[in-house]
Amino acid sequence: MNPAMNSALNSGMAPVATPFFFYLLAGLAVASGLAVITRRNAVHSALALIVTLLAVTGLYLMLYAPFVAAVQIFVYAGGIMLLFLFVIMLVNIERSSKERQFNRMWPVGLAAACALLALFVSAFAKGKALFPDRMMSLPESSNTQQIATMLYGEAGKMGQYTFAFEIASLLLLVAILGAVIMTKKKI
Amino acid sequence: MVPITTLHYLVVAAALFVLGVIGVLTRRNVVIVLMSIELILNAVNLNLVAFSRMWGNLHGQVFAVFIVVDAAAEAAAGLGILIAFFRNKETINVDEIDLLKW
Amino acid sequence: MPNFIMSYLGSRVTPGEAGNQFWALMYVLIIFAGVSVAVIAMNWIERKALAHFQVRLGPMRVGPHGLLQPFADALKLMLKEDIIPAEADQFVFWVAPLIGLLTAFTVYTVIPFGPSQAVSDMNIGILFMLGVSSLGVLGIVVAGWASNSHYPLIGALRSSAQMVSYEVAMGLAVVSAILMTSMNEKGTGTLSMIGIVQAQQQQGVWFIFKFFPLGLLAFVIFAIAMIAETNRAPFDLAEAESELTAGYHTEYSGLRWSLFMLAEYAAMIAVSSIAVTLWLGGWMRPFPNLLKAPAWEFIFSLFPGFTFFGLAAIAFLGVARMPAHSFFKIQRIGLAVFAALLGFFALLLLVIAVAGRSADTSLAARFNEGIDYVYWFVLKVAVFMYLFIWYRATWPRYRFDQLMKIGWKVMLPISLGVLMVTAIVGVIVS
């Protein structure tokens, strides 16, 4: 057999060119995040947020979390962003894109965010020992089965998160009812 | 090149979080404020999934799925409120949504 | 180099699993070429079939029997003037068809043409396909908005509302098919596309016939929902609204419009592949368990060659029936060359089938197996494509409120009911 292919098969799920893809996806995510908060046009912001969500999906796939990546594409990029685009089209008025788009207090907001960033940087620098360098690789081929076991439980007993799962579905029902009632013309 | 560790993912998540916070604090368009909140939630999700891989169990990923569900509910409710308000006052400027001020 | 080719063909894993980038790239190029050829052929077949349904002939002039018509159309669209509306948002106007095209082509990464013939068999294959095809709605909404005109905006919002409503019924039908994959001894199902077809192989029954009539009902719900999902007749308010008002691609002309059409046909082929994989047994030949003798294997492996022989015979018949006039000389020669090419291809397939029955590990046997898998898969998808055209020719269009009523009040309860009854029957049987 071809030795190059052999080594790839032997090393399990070792992805190729990982740093390249990580820097590409991370740069894309941060750049489009910047575009979300700075664009004047709301539709451009929404499209930039979709790009951010897809870049974060790629990062999830690199972290051996295919189910979370699929949920992100399905719910976030395919559902929530569609909702945002509909609402932008419904409330889009020409006046808003010609007005001043940043708050009058924007230096204060920026200073607060920079303080937060400094806090993060100091936490990462001082607490470097808390994030050990080992990255255990999770088995990818049974990821969905394991998450399903946690959510639904196995034969005979409840999973760890079954109760939270049911509460989450109730939460979605309440949110749907609330959205429908708030936007009806007459109740 | 230095191999990619958990810290790299945490830095990306922190950057997205700070960008979301800037968006919430400085923009005047309500829809863009809501989108910045989604950025913040995404940063938290990325953090959780990175830690889930570091510890080797799936609790972080299950929690991330719950946060996505939560974000969907909150986006629906928030946009419903926005539309209901827009019908009354015809504006989407946070500075002009001040009906409770005295 | 031949060693490299042989070593890959000898392994029975997909390029994604083997981490083999070269073969993954090869598969991607082959799929891209195949889908382009399929879209071109679909264009021709649609015009000819619609014409024959309406008792007329369709394009006959451009090539022999209009065979070169799609190329003429593509050339015309590429040379047309590129008009952008005055106040439209330039960047968004340009990006919208690309979103639709990207999502329509990304789903081909996980389509299984054979047990190891997929670009990458992801663990969450079916979820990935449904999710990425739901991203295509974004392209339509953004296209309608970027045109800066009322009719495209209304058409885009209607079309996206329709697609979102039928996605729910589609998802529930898919879930009931996935539930059937878990009716084995281990009790766990799988979401990977290759795993679903292998589950059908293990359980010895296509899921459309399992727990009759539940599998059939789920298949019918998915078949109806996929027509609404791709905006085809009788749910084609967005694209045929040009007769009533206008659709989301009104302001698009020339090359951009052809990108929309390419995305639509590619999405049709993609959702048909989902239906074939989940319910119709994917790449398996008919009756794999009932007719198991090696003689039957040989007969079924001759099918690809005989299909192309049939096509070549039809083309030769067309040559014979052309008027013997000097005006038709070039057309006769062209059609005869095309028929000869088809016949040569048929001969090649028959030679591979005959040579491949001898040993199990020779290169010819490997090729033969691969060709058989791809042939049965493509045949089933082609039947679906023909059904799409048949529906368009036969059924009148639904009004928008009727469409939404069917999506929410009929399809959703039926698919929920099918899912629950499938689960109950599955628990009782096991």
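Treat the numbers as computed from the prediction; the structure is a model and nothing was measured. Each chain gets a letter, A, B and so on, in the order the sequences are listed, and its residues count up from 1. Note: hydrogens, waters and symmetry copies are ignored here, and every other heavy atom, side chains too, is used.
With rounding to the nearest 0.5 angstrom, the OG1 atom of A:Thr57 is 8.0 Å from the CG atom of B:Asn42. With values rounded to the nearest 0.5 angstrom, A:Leu171 atom CG is found 10.0 Å from B:Glu74 atom CD. Interatomic distance, B:Leu48 CG to A:Tyr60 OH, rounded to the nearest 0.5 Å: 8.0 Å.
Residues A:Leu151 and B:Phe66 are in side-chain contact: their nearest non-hydrogen atoms beyond the backbone lie under 4.5 Å apart. Between A:Trp106 and B:Ile22, every side-chain heavy-atom pair lies at or beyond the 4.5 Å cut-off. Taking the side chain as every heavy atom from C-beta outward, B:Gln61 and A:Ile147 approach each other to under 4.5 Å. Between A:Val75 and B:Val69, every side-chain heavy-atom pair lies at or beyond the 4.5 Å cut-off. Counting heavy atoms from C-beta outward, B:Tyr9 and A:Met62 have side chains that approach closer than 4.5 Å. Here the side chains of A:Leu116 and B:Val21 are in contact, with some heavy-atom distance below 4.5 Å.
When every heavy atom of A:Ala26 is checked against every heavy atom of B:Val12, the shortest pair comes out as CB-CG2, 3.6 Å. The shortest non-hydrogen separation linking B:Leu16 to A:Ala29 is CD2-O, 3.8 Å. When every heavy atom of B:Ala75 is checked against every heavy atom of A:Ile80, the shortest pair comes out as CB-CG2, 3.9 Å. A:Ala42 approaches B:Ile32 most closely through the heavy-atom pair CA-CD1, 4.3 Å. Heavy-atom minimum distance, A:Gly109 versus B:Thr26: CA-CG2, 4.4 Å. Minimum heavy-atom separation, A:Ala113 to B:Val18: O-CG1, 3.9 Å.
Looking at A:Leu34, both its backbone and its side chain come within 4.5 Å of chain B, counting heavy atoms on both sides. Looking at B:Ile81, the atoms closer than 4.5 Å to chain A (heavy atoms on both sides) sit in the backbone and in the side chain alike. Proximity to chain B (any heavy atom under 4.5 Å) is restricted, for A:Thr52, to the side chain, taken from C-beta onward. For chain A, the nearby parts of B:Val11 are the backbone and the side chain; heavy atoms of each come within less than 4.5 Å. Within the 4.5 angstrom heavy-atom criterion, only backbone atoms of A:Thr38 (N, CA, C, O) approach chain B. Within the 4.5 angstrom heavy-atom criterion, only side-chain atoms of B:Ala15, from C-beta onward, approach chain A. Residue contact with chain B, scored on non-hydrogen atoms closer than 4.5 Å, is absent for A:Met105. Heavy-atom distances place both the backbone and the side chain of B:Leu10 under 4.5 Å from chain A. Proximity to chain B is absent for every atom of A:Ile176, based on heavy atoms less than 4.5 angstrom apart. Contacts between B:Val62 and chain A at a heavy-atom distance below 4.5 Å involve the side chain alone, from C-beta outward. Looking at B:Leu46, both its backbone and its side chain come within 4.5 Å of chain A, counting heavy atoms on both sides. Interface remark: A:Phe86 contributes no atoms to any contact with chain B (heavy atom separation under 4.5 Å). When heavy atoms are compared at a cutoff of 4.5 Å, B:Phe63 does not approach chain A at all. With a 4.5 Å cut-off on non-hydrogen atoms, A:Ala123 does not touch chain B at all.
Checked against a 6.0 Å centroid threshold, the rings of A:Phe120 and B:Phe17 count as neighbours.
Top candidate by heavy-atom pairs under 4.5 Å with chain B, chosen from A:Ala164, A:Gly79, A:Cys114, A:Ala168, is A:Ala164. Among A:Leu90, A:Val71, A:Leu117, the residue making the largest number of heavy-atom pairs under 4.5 Å with chain B is A:Leu117. Ranked by heavy-atom pairs under 4.5 Å with chain A, the list B:Asn57, B:Leu58, B:Leu41, B:Leu7 is led by B:Leu58. Note: A:Ser45 leads A:Ser45, A:Ala175, A:Gly178, A:Ala179 in heavy-atom pairs under 4.5 Å with chain B.
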Taking it one step at a time, do B:Leu19 and A:Val36 satisfy side chain to side chain contact (heavy atoms under 4.5 Å, CB included)? CA-CA 9 Å; B:Leu19 284 176; A:Val36 169; over 6 Å; no
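Side-chain atoms of B:Arg27 come within 3.5 Å of backbone atoms of A:Ile37 as a donor-acceptor pair (strictly under, hydrogens ignored). Here the side chain of B:Arg87 pairs a donor or acceptor atom with the backbone of A:Thr183 at under 3.5 angstrom.
Just one residue in the list B:Ile67, B:Asn45, B:Val49 forms a side-chain contact (heavy atoms from CB on, under 4.5 Å) with A:Val68, and that residue is B:Val49.
A side-chain N or O of B:Glu38 and one of A:Tyr76 form a donor-acceptor pair less than 3.5 Å apart.
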